[in-house]
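If you're wondering where the values come from, they're calculated on a predicted model, not measured in any experiment. In the text below, chain A, chain B and the rest are named by the order of the sequence lines, each starting its count at 1.
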Number of protein chains: 2
Amino acid sequence: MSKKPKFEREQVIANATNLYWEKGYHGTSMRNLQDAIDMRPGSIYAEFGNKDGVFKASLEFYAQAAIAQLNKIKADGLSPLEALKAFVKHAVVDSQHNAPSSVCMLAKTIAELTEEHEELLTVAKQALKSVEHQFALLIEQAQEAQAVSSQKSASELARFLQIQITGLRTYAKTSDEPLPLAQMIDDLFEHYPFQ
Amino acid sequence: MSKKPKFEREQVIANATNLYWEKGYHGTSMRNLQDAIDMRPGSIYAEFGNKDGVFKASLEFYAQAAIAQLNKIKADGLSPLEALKAFVKHAVVDSQHNAPSSVCMLAKTIAELTEEHEELLTVAKQALKSVEHQFALLIEQAQEAQAVSSQKSASELARFLQIQITGLRTYAKTSDEPLPLAQMIDDLFEHYPFQ
DNA sequence: ACTTTAAATGAACGATCGTTCAAGCTATAT
DNA sequence: ATATAGCTTGAACGATCGTTCATTTAAAGT
C-alpha cells in the first residue's frame with residue numbers, strides 16, 4: 001500500500017550535477033535546480049534533505065562517473081600507460097567542448113568552498129583522492145611493465161598527474177585561443193617524472 | 001569648497017580583496033563586504049559603482065600586488081631563474097598559511113565565474129596573462145644566461161609554469177596532510193622542460 | 001469500488017540579497 | 001562665523017534566497 005516515486009533518481013542527479021558543475025555551489029539557486037531537474041521543492045527536500053544534500057549527491061555521482069570512465073577505458077585492452085593517457089585526454093580535451101565547465105567539478109568545489117561547508121569540502125577531497133588512487137594502481141602496473149620510470153613511487157606520480165590535470169583544465173579556461181592540449185598531454189607522459 | 005573622502009582607498013581594496021579571495025564572488029555578500037572594509041553602502045556605491053566594481057578593483061589590486069612582489073624579488077640581485085623560483089615559492093608555499101586561500105584568486109575567479117559575468121572573467125584572464133608575460137621575460141633572460149633550456153620558447157615555458165602553479169595551489173587545498181611543496185618546486189625547475 | 005498511504009504540488013514564510021536615496025554631517029572657502 | 005559642497009549614513013526597497021507544509025493526486029491493497 002504505497003506509491004513509488006516517479007522521478008528517475010540517476011537522471012535527476014545527472015542533471016543536478018551538470019548545473020552545479022557549470023555554476024558552482026553558490027552560483028546555483030534552488031530555483032535553478034528545480035528547473036534543471038524538473039522537481040518541485042517538496043520532492044527535492046523529501047529526497048535529498050536540502051541544497052547541500054543535492055550537491056553531495058552530485059559530487060559523488062561525478063566521482064563515480066569518472067571512475068566508471070576509467071574502467072571503461074581499461075576494458076579496451078590498452079596498456080596501463082595508454083589507458084591512463086586516454087583517460088587524461090578524455091578529461092582534459094573532451095571537456096573543453098562537451099562539458100558544463102572545462103574545469104574539474106571537484107577541483108572547482110575545493111577552490112570555491114571554505115570551512116563553512118566542511119562536509120561538502122570533505123566529500124570533494126575524498127572523491128579526488130579516490131580517483132588519484134585509481135591512477136596509482138594503473139601507474140604501478142605501468143611501472144611493472146617498465147613503461148613508466150620507477151624513480152618516483154606510483155603514489156607520487158599519481159599526485160603529480162592530478163596536479164597536471166588540475167592545472168591544465170583550469171588554465172584551459174583562462175585561455176581564449178585554443179591550446180594544443182592533446183600534444184601537451186603526450187609531452188607530459190614522455191618526460192620526467194614519467195620517463 | 002569640498003570635502004575629501006576619508007577612507008584609504010588602497011587599504012579598503014586590500015581588505016575587499018582578502019574577503020573576495022577567501023569566499024569567492026558569489027560567496028561574498030555586500031554586507032560581508034561592508035563589514036570587512038568598514039564602509040556604508042552609499043559610500044561603496046559612490047566609489048565603486050556596484051558589487052562587480054569592487055570585485056574588479058580587487059582583481060586588479062591582486063594582480064598588481066603579484067607583479068610588485070615579483071619586481072621586489074628581482075631587485076634582490078638574484079639570477080633570473082633564482083628570482084622566478086623564489087617567486088613561485090612565495091606564491092605557493094607562503095600562501096598555505098598567510099593567505100585567505102591557498103588557491104590563486106585569479107584562478108579561483110576563472111574557475112567560478114561563467115559568461116554571465118563576462119567582464120570580470122575578462123579582467124581575471126588578462127591579469128593572469130600579464131603575470132605570465134612577466135614570467136616569460138624572466139625566462140628569456142634565464143635562457144640567454146643558459147640557466148634554462150631553450151628547447152621550448154620562453155612563452156611556452158611561462159605557460160607551463162602557470163599550469164604548475166595553478167595545479168599546485170589547488171592541489172594543496174585538496175590535501176589534508178602537508179605536502180613537500182618547496183621540494184616539489186625545486187624539482188620542477190631542475191627537470192624538463194626547464195632543463 | 002473503496003480505502004489507505006505516500007508522493008507531488010506550489011503558495012507562502014522569514015531571511016537575506018544587491019541597491020537606492022533622503023537626510024545628516026563636516027571640511028573648506030569666504 | 002557662516003555658507004556651501006559633497007562625503008557619509010542607514011533605513012528601506014523589491015527581488016530572490018533556502019525551506020516548509022497544508023493540500024491534492026494517484027498507485028497499491030482489500
Polar side-chain atom of Q162(A) near backbone of L128(A) as donor-acceptor pair, under 3.5 Å:
yes
With a 4.5 Å cut-off on side-chain heavy atoms, are M184(B) and I163(A) touching?
yes
So which of L19(A), T17(A), N18(A) actually passes side-chain contact (heavy atoms from CB on, under 4.5 Å) with P100(A)?
N18(A)
State which residues pass ring-ring contact (aromatic ring centres under 6.0 Å, His included) with Y25(A); sequence neighbours excluded, sorted by chain then number.
F55(A), H117(A)
What is the per-nucleotide protein-contact pattern of nucleotides 10-20 of chain C, from the 5' end, where B denotes a base atom under 4.0 Å from a protein heavy atom, S denotes such proximity for sugar-phosphate atoms only, and - denotes neither?
BBB----BBBB
So does S102(A) get a backbone contact from the side chain of R169(A), meaning a donor-acceptor N/O pair under 3.5 Å?
yes
Whole angstroms only, please: what is the CG-P distance between D38(A) and dA8(C)?
11 Å
